[in-house]
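If you're wondering where the values come from, they're calculated on a predicted model, not measured in any experiment.
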Amino acid sequence: VQLQAYGGGFVQAGGSLRLSCAASGSTFSRYTMGWFRQAPGKEREFVSAVARSGFYTYYADSVKGRFTISRDNAKNSVYLQMNSLKPEDTAVYYCAAQKDGLVRSEIEYDYWGQGTLVTVSS
């Protein structure tokens with residue numbers, strides 16, 4: 001499956017952004033989808049994941065209550081609604097896919113998009 005993330009940009013602290021990730025090349029509904037991010041000078045970290053059905057989700061503690069992951073299997077897309085953004089949310093955000101359950105380890109994800117940059121100013 002090929003993934004393309006988009007929707008990043010520049011936003012002030014407290015603002016919102018919605019990231020999208022479009023999938024192609026395989027049956028999207030077979031994949032658990034995740035979002036990861038990598039801040040400058042830091043390792044890539046897990047943000048959120050959504051199960052194949054869309055019914056189950058998983059969040060990192062740092063974004064819980066502020067970010068919402070969702071998917072539309074009919075549109076082969078996964079989304080990350082980001083509210084109450086903080087400067088520490090500044091990072092390149094990646095979408096990823098794998099065929100197992102809800103996991104946060106990036107080594108479990110087989111397919112990756114190219115990343116989209118989110119910059120949050122204070």
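Under a 3.5 Å cut-off, the side chain of T116 and the backbone N or O of G8 do form a donor-acceptor pair. Q4 contributes no side-chain N or O that, together with a main-chain N or O of G113, makes up a donor-acceptor pair within less than 3.5 Å. Under the 3.5 Å distance criterion, the side-chain polar atoms of R30 are left unmatched by any main-chain donor or acceptor of R52. Using a distance-only test at 3.5 Å, with no hydrogens or angles considered, no donor-acceptor pair links the side chain of R104 to the main chain of E45. Between the side chain of R71 and the backbone N or O of N76, no donor-acceptor pair lies under 3.5 Å. Formation of a donor-acceptor pair under 3.5 Å by the Q38 side chain with backbone atoms of G41 is not found in this model. Remark: side-chain polar atoms of T32 are paired, donor with acceptor, to backbone N or O of D100 under 3.5 angstrom.
Note on residues 33-76: pairs passing ring-ring contact (aromatic ring centres under 6.0 Å, His included), not counting sequence neighbours, are F36-F46, F36-Y109, F36-W112, F46-Y58.
Of all non-hydrogen atoms in A97 and L3, the two that sit nearest each other are N-CD1, 3.9 Å. When all heavy atoms are compared, the tightest approach of T90 to A39 is O-CB, 3.5 Å. Residue S48 comes nearest to I69 through the heavy atom pair OG-CG2, 3.2 Å, listed as atom of the first residue, atom of the second, then distance.
When hydrophobic clusters are built by joining Ile, Leu, Val, Met, Phe, Trp and Tyr residues whose side-chain heavy atoms come closer than 4.5 Å, directly or via intermediates, V47 is grouped together with V11. Y111 and M33 fall within the same hydrophobic cluster, where Ile, Leu, Val, Met, Phe, Trp and Tyr residues are linked whenever their side-chain heavy atoms come under 4.5 Å apart, directly or through other members.
For the atom pair E106 CD and R44 CZ, the distance stands at 4.5 Å (nearest 0.5 Å).
Residues Q12 and V120 form no side-chain contact, since every pair of their non-hydrogen atoms from C-beta on lies 4.5 Å or further apart.
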Show me the donor-acceptor pairs, under 3.5 Å and distance only, between side chains in residues 18-27 and residues at least two apart or in other chains.
from	atom 1	to	atom 2	distance (Å)
S26	OG	Y31	OH	3.2

Side-chain donor-acceptor contacts of residues 77-89 below 3.5 Å, not counting sequence neighbours, with atom names and distances?
from	atom 1	to	atom 2	distance (Å)
S77	OG	K75	O	3.0
Q81	NE2	N83	OD1	2.9
N83	OD1	S16	OG	2.9
D89	OD1	R37	NH1	2.9
D89	OD1	R66	NH2	3.0
D89	OD2	R66	NH1	2.7
D89	OD2	R66	NH2	3.4
D89	OD2	K86	N	2.7

